[in-house]
Number of protein chains: 2
Amino acid sequence: MSDSTIYEVARLAGVSIATVSRALRGTGPVSAATREKVRQAVEQLRFTPSRLGVSLAEGRHAADGIVFPDLSGPYFGEVLLGYEEVAAELGRSVLILSTRDRAGVPETVKDLATRVDGLVVFGQTLPDALLTELADSGLPMVMLAREAHPGTEAVRSENAGSAEALAVHLIAHGHRRFALAGGHDEGDVSQRWTAVARTLGDHGITVPRPVECPYTVEGGHEAGLTLLRDRPDVVMCADDQVALGVILAAEELGLNVPGDVAVTGWDDIMAARHSRPALTTVRQPLRELGAAAARLLDELIAGAEPTDSTRVLATELVIRASCGAHQVHPPEEQ
Amino acid sequence: MSDSTIYEVARLAGVSIATVSRALRGTGPVSAATREKVRQAVEQLRFTPSRLGVSLAEGRHAADGIVFPDLSGPYFGEVLLGYEEVAAELGRSVLILSTRDRAGVPETVKDLATRVDGLVVFGQTLPDALLTELADSGLPMVMLAREAHPGTEAVRSENAGSAEALAVHLIAHGHRRFALAGGHDEGDVSQRWTAVARTLGDHGITVPRPVECPYTVEGGHEAGLTLLRDRPDVVMCADDQVALGVILAAEELGLNVPGDVAVTGWDDIMAARHSRPALTTVRQPLRELGAAAARLLDELIAGAEPTDSTRVLATELVIRASCGAHQVHPPEEQ
DNA sequence: CTCTGGGCTGTAAGCGCTTCCACTGCCCGC
DNA sequence: GCGGGCAGTGGAAGCGCTTACAGCCCAGAG
């Protein structure tokens, strides 16, 4: 961009750069005649103010950073979509950073931090020590899909209640031997498993520890091959991708889903509705999650004090075929 | 971020800011003793150079912009993932912008342009006039999933060959009455439809004009309800999401897929493998698409002249159940 | 012993903008 | 007729950095 500068505009318009700036931003009084001269000069030179100059002078970037563990799969895309939409409305740009098996993450994140006014961090993407360091430096931060870290704000979707409802539903199906696929991550998933274990405990059912695996179809497939050796009645999965993998594993082992084993997911991604059998799952308001994070961060940047509290968005139990033969709801529309 | 500045570091270390800069960047000679003093001062003050200052002085942002029509669905997430990964390796940040039904796109894009050293633009996201304006301003640009615009570079995946192969396969299945779902977009999709029409024509088959619809499940569903009234043998869809929607529509109309009507997609998203029936489609190398774009843009930014040419990545025909009863390949692994 | 050339360091000029402050007229009210 | 106030404008000081240029000092050469 060999763009012209405010000096050239000023010279062409025959005014000072201060006047050009005032005319363009609408701050301070400028006569109609001057404004017109400036407008013409700007047009002739195709002048656009340098963001760098503006930001340096204003002392702000008008940009947010958002840190993901990964961008693959439908989950993050949806959240990001909701985030970017709100950020754009608020006049802020969005810088993304994916950390997935990458070296030098702390340095990269710190570099990102110098480019933005605030940061959104997903789940357990970053070590707590780094979060503390960033928060202590005064950087506004919002945590996504987990509880707030000291000095930050957070937003996640409801976990325990839906997990309990799902567990109760599965018990009503007559399932007794449970298995959990997808590890304990100190974030959303662990809250769900805790609620599930408690609910099952209330019914005199004990659950084995969850089998750790990456939150991907492949991870679920592998975990499924292990889990299904014990012939559980039902496998509850950390997310829909894992569930799809478990279903694949079941098919490979000659097991019918849900006849021989029920499977449930979490998130309600597109594939959940189209899979065979259609997946019983819990719908998360992914876009709203992103949107809420964007608004929270904007408030912090505007000067609000972080409250260390977590905003919780409601989820919805989605009963489909994979949890058992007796469907509670009629098949969905559209 | 109430960060300290290079001046404070210089004062604490008892040297000039020039020396601090040299010590930190490794440009110019600095004695070991001085280097150590600077290092200590930096550590004590937790100094990180302001990106704004650096960029303003260097005259570059070390950041790329990438413009999407939308971020929902699996397609863009994957491409973005590939992009961001390479960009990070190259030491560049990534700013994203989604334009989906949003007002003031030209202004937003121009704002984005002032924040980056180069831009990647997806398909038909931006009007040609705007592309021309940006390219003329000297902004390095790479087009994604379409042919190069003058003054840019482009990368897309192969369309005509796979489209022809798919059409030939469908003809071999005995299908004769074709329908196309998903509009003519002047980009990737139109290349496919053109190849399909030509191939079918060679076999004496004519195709009706494609039915326009958004590239979503809902769009496909609606288009399907229209298309299927004519009872075609097969519906070829612009992408997998549209295909999933058409399958939904077929089910609603009591039609068996592929028994009564075959359906094909494009992209090979995750849901394609898990849908019922599993979707015959064409796999695009989504991450590679993003990665190639990142590298091309980096070359342009480094000074390479745009060649107005398009790099084409190979695709792969994926035959599953939705195209007809007689499967050519055995069921896939994993 | 003087001269020369590095090595090392500091000074200062930008990079492109915003905005405080000072200044000039001019209109209005008394 | 005169002073106060205000619309309109310019000068200049930053914002935080990089880097060309110049200066200093000292070792080694002559």
Side-chain angles (χ1 to χ4, degrees), chain A residues 1-39 41-42 45-63 91 110-111 113-117 137-138, chain B residues 1-39 41-42 45-63 91 110-111 113-117 137-138:
Chain A
M1 296 284 284
S2 57
D3 252 340
S4 43
T5 74
I6 199 174
Y7 287 93
E8 304 171 40
V9 174
R11 190 179 320 132
L12 185 57
V15 298
S16 75
I17 60 166
T19 298
V20 173
S21 178
R22 278 187 293 252
L24 259 33
R25 326 189 90 217
T27 92
V30 176
S31 74
T34 305
R35 197 190 318 282
E36 178 57 21
K37 279 190 300 183
V38 170
R39 204 193 55 69
V42 164
L45 262 33
R46 300 182 174 288
F47 170 73
T48 310
S50 150
R51 184 70 233 177
L52 251 21
V54 174
S55 285
L56 194 56
E58 281 186 337
R60 62 180 218 120
H61 298 268
K110 286 179 192 172
D111 175 78
T114 67
R115 298 171 171 273
V116 298
D117 302 316
S137 81
Chain B
M1 295 286 282
S2 56
D3 252 341
S4 43
T5 75
I6 198 173
Y7 287 91
E8 306 172 38
V9 174
R11 191 180 319 131
L12 185 59
V15 298
S16 74
I17 60 165
T19 299
V20 174
S21 178
R22 278 187 292 252
L24 258 33
R25 330 187 89 216
T27 92
V30 176
S31 74
T34 305
R35 196 190 319 282
E36 177 57 18
K37 278 191 298 182
V38 170
R39 202 192 57 69
V42 165
L45 263 32
R46 299 182 173 291
F47 170 73
T48 312
S50 150
R51 185 70 232 178
L52 251 21
V54 174
S55 285
L56 193 55
E58 280 186 338
R60 65 182 213 118
H61 298 269
K110 286 180 191 170
D111 175 79
T114 67
R115 298 171 171 272
V116 299
D117 302 315
S137 80

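Labels below follow one simple rule: chain letters A, B, ... track the order of the sequence lines, proteins then strands, and each chain is numbered from 1.
- Atoms CZ (A:Arg25) and P (C:dC20) sit 11 Å apart, rounded to a whole Å.
- B:Pro29 comes within 4.0 angstrom of a nucleotide base, judged by non-hydrogen atoms across all strands.
- For C:dG10, its base sits under 3.5 Å from the side chain of B:Arg22 at one donor and acceptor pair at least.
- By the side chain to side chain contact (heavy atoms under 4.5 Å, CB included) test, B:Arg25 pairs with B:Ser21, B:Thr27, B:Val54, B:Glu58, sequence neighbours left out.
- Taking all atoms of both residues into account, the shortest heavy-atom contact from B:Phe47 to B:Ile6 is CE1-N, 3.5 Å.
- One finds the CG atom of B:Leu24 at 9.5 Å from the OG1 atom of B:Thr48 (value rounded to the nearest 0.5 Å).
- In the set D:dG16, C:dC17, C:dT18, the nucleotide with an atom closest to the side chain of A:Phe47 is C:dC17.
- B:Leu56 contributes atom CG, which lies 6.5 Å from atom OG of A:Ser50 (distance to the nearest 0.5 angstrom).
- For A:Thr5, whose side chain is taken as the heavy atoms from C-beta onward, the closest listed nucleotide among C:dC17, C:dT19, D:dG16 is C:dC17.
- For the pair A:Ser50 and C:dG16, the criterion of a side-chain N or O lying under 4.0 Å from OP1 or OP2 is not met.
- C:dG16 atom P lies 17 Å from atom CZ of B:Arg115, rounded to whole Å.
- Within the 4.0 Å cut-off from OP1 or OP2 of D:dT9, at least one side-chain nitrogen or oxygen of A:Thr34 is found.
- The distance from atom CZ of B:Arg11 to atom C1' of C:dG10 is 16 Å, rounded to the nearest whole Å.
- Not one side-chain nitrogen or oxygen of B:Ser21 sits closer than 4.0 Å to the OP1 or OP2 atom of D:dC17.
- Side-chain N or O atoms of A:Arg115 include none that pairs as donor or acceptor with a backbone N or O of A:Ala63 at under 3.5 Å.
- Checking A:Ile17 against A:Ser31, the closest nucleotide of DNA chain D that is more toward the 5' end is the one next to A:Ser31.
- In this view, A:Glu36 and A:Arg39, A:Gln40 satisfy the side chain to side chain donor-acceptor pair (under 3.5 Å) rule, not counting sequence neighbours.
- In this model, no side-chain donor or acceptor of B:Tyr7 finds a partner on the base of D:dC15 within 3.5 Å.
- Residue whose closest nucleotide on DNA chain D sits further toward the 5' end, between B:Thr19 and B:Gly53: B:Gly53.
- Nearest-nucleotide mapping onto DNA chain C: of B:Ala32 and B:Ala18, the residue sitting toward the 5' end is B:Ala32.
- The distance between atom CZ of A:Arg60 and atom P of C:dG16, rounded to the nearest whole Å, is 21 Å.
- Distances were taken from every side-chain heavy atom of A:Leu56 (C-beta onward) to each of D:dC15, D:dG10, D:dT18; the shortest belongs to D:dC15.
- Atom CZ of residue A:Arg51 and atom CG of residue B:Leu52 lie 8.5 Å apart, to the nearest 0.5 angstrom.
- Contact between the side-chain N/O atoms of A:Arg51 and the OP1/OP2 oxygens of C:dC17 is not found at any separation under 4.0 Å.
- Side-chain proximity of A:Val15 to D:dG10, D:dG8, D:dC17: nearest is D:dG10.
- As rounded to whole Å, 13 Å separates atom C1' of D:dT18 from atom CG of A:Leu52.
- Checking D:dC17, C:dG16, D:dG10 against the side-chain heavy atoms of A:Ala57 singles out C:dG16 as nearest.
- Minimum atom distance to the side chain of A:Glu58 is reached by C:dT18, of the listed D:dT18, D:dG16, C:dT18.
- Rounding to whole angstrom units, NE2 of residue A:His61 and P of C:dG16 are separated by 19 Å.
- Checked by atom type and distance alone, the side chain of B:His61 pairs as donor or acceptor with a backbone atom of B:Thr114 at under 3.5 Å.
- Five base pairs at each end of the helix from C:dC1-D:dG30 to C:dC30-D:dG1 define two local axes, and these are offset by 50° (rounded to 10°).
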